[in-house]
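Below, chains carry the letters A, B, ... as their sequence lines are ordered, and counting in each starts from 1.
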Amino acid sequence: MGSRWVVLLILAASCIGCSSLVKAHREPPLQIIPDMDDQPKYKPQAAGPFFGDGRASRPVVAGTVVYGLESGRYVSGNYAFYAGIDIERSETFYTGKEGDKYTGKNPLPLTEAVLKRGQERYNVTCANCHDRVGTGQGMVVLRGHPPATNLHDDRIRNMPDGQIFNTITNGLRNMMPLGHQISPEDRWAIIRYIRALQRSQNATLADVPDEQKGSLRK
Amino acid sequence: MFFPKWTNKVVKLVLAGAVLAGGGVAAIAGIVHQPSFTDVGYQPIQPVPYSHKKHAGDMGIDCRFCHTSVEQSAVVIVPPTQTCMTCHKQVKADSPRLAKVRESFETGKPIRWVKVHKLPDFVYFNHKAHVSAGVSCVSCHGRVDQMEEVQQVQPLNMSWCLDCHRDPAPHLRPKELVTKLDWVPPGDPAEIGREIVRVKNINPPLHCSGCHR
């Protein structure tokens, strides 16, 4: 009688409680006992009431030097890959320009590791539009983006590295700037890789090492 | 007699009811308090109908195109509006569904994305450590590349973290494949994982100060 009702009530309540919790729900998770879950501090990218734009963390000021960079080398911080590589971080390194001419020299050494890094970054970013071999048929172009340049055009093959660097950083006509999402080191590594791609598409017999020439078919 | 005889029964019933009800409430509170019940399935309504299925799944855009910091820092960033505009300056440039993105780009005011996964503030977590060890996004976030809207699929509670920390091998893969959510290991995942544990000397913390620092 009475106790049966109580039991039924509890069962019903727990069913309602659980069913609304198990499936997808739009409301923020219940916090019955909030412990110290929400401490009075701001985490990266959180909103805060103090500044007019609503951001708690401030956007990076132009010209800021990455944390961990000391006399041209990363001693700590984020870019572990480049920690062991000596790079001359002059004005040219950040702009691709020597005076007002584009530089033809890539400040990164030509090593297998740098090429691999460049390939990875190229595939993450550029390949969406320029596709994986560089002909300009990426998924985004197929879905309505204006055509991306074929990176095997003679014009691009003969273009100084610094000009490509500038295109990545600041964009060009229909290509938007990508500088905010690719570090300068990675931009130079990508250019190293593009040069390798271009060679692979325009290779001649002279590029084959002598000892392997015998294995080629006519 | 002041009370009739049958009231004795009522007293007993009321007492039993109170005990049952109290226990029930405590049990429900206990269950409901578990993140596996409260947090799993959380799928807030986002200000812009952005779809991971379309972008990361169908078009195959790598997670790192937008979540650029995932390999370099403890915190992953949700992309700034500029990142959307690298494509949407041109693609669907007049779509009403992107009106908020254009407005944010013009005014410089950020889009207010609603945070889905949230650890309590007293827990330390680090994406870089996990991603460079070779733990894929899929182990903790599920098949995001198949979600129209992001939904939390793992409880993110302490026992869940520890389950993996005690035996990480089955969850490890070569680092380059971390963002390929549909990757299937060729052969026994634990075997591949054990090799990675050996080579990289992987040793996730089990002591309290590893995560509560």
query: When heavy-atom pairs shorter than 4.5 Å are enumerated against chain B, which of A/Arg55, A/Lys41, A/Lys43 gives the highest number?
result: A/Arg55
task: Let me see the working for B/Glu71 and B/Arg64 under salt bridge (charged side-chain N to carboxylate O under 4.0 Å, His left out), right down to the final yes or no.
output: CA-CA 8 Å; B/Glu71 295 164 306; B/Arg64 292 166 291 180; 3.1 Å; yes
field: Interface residue of largest heavy-atom contact number with chain B, from A/Gln181, A/Met139, A/Met36, under 4.5 Å
entry: A/Gln181
- prompt: So which of A/Pro146, A/Gly144, A/Gly138, A/Ala46 has the largest heavy-atom pair count under 4.5 angstrom toward chain B?
  reply: A/Pro146
- prompt: Quick check, are the ring centers of B/Tyr124 and B/His212 under 6.0 angstrom apart?
  reply: no
- request: Would you mind telling me which of B/Lys115, B/Glu149, B/Lys109, B/His88 has the largest number of heavy-atom pairs within less than 4.5 Å of chain A?
  value: B/Glu149
query: Does a salt bridge link A/Glu120 with A/Lys116, judged by any charged N lying under 4.0 Å from a carboxylate O?
result: no
- request: Under 4.5 Å heavy-atom distance to chain B, tell me which part of A/Gln45 shows up: side chain, backbone, both or neither.
  value: side chain
Residue B/Val76 versus chain A: region with a heavy atom under 4.5 Å: backbone
- request: Using a strict 4.0 Å threshold on nitrogen-to-oxygen distance, state whether B/Lys180 and B/Asp62 make a salt bridge.
  value: no
message: Under a 4.5 Å cutoff for heavy-atom pairs, which residue among B/Val114, B/Val10, B/Ile77, B/Thr107 has the most contacts with chain A?
response: B/Ile77
- prompt: So, B/Lys118 and A/Asp38, do they make that salt bridge, N to O below 4.0 Å?
  reply: yes
query: Quick one: are the ring centres of B/Phe125 and B/His130 less than 6.0 Å apart?
result: yes
message: Would the distance check show the side chain of A/Asp153 and the main-chain N or O of A/Arg155 forming a donor-acceptor pair, the cut-off being under 3.5 Å?
response: no
message: Shorter than 4.5 Å, heavy atoms on both sides: which option in A/Val140, A/Asn128, A/Leu142, A/Asp53 has the most such pairs with chain B?
response: A/Asn128
statement: Honestly, the part of A/His180 sitting under 4.5 Å from a heavy atom of chain B is side chain
field: For chain A, the option from B/Ile45, B/Thr68, B/Thr179, B/Val75 that forms the most heavy-atom pairs under 4.5 Å
entry: B/Ile45
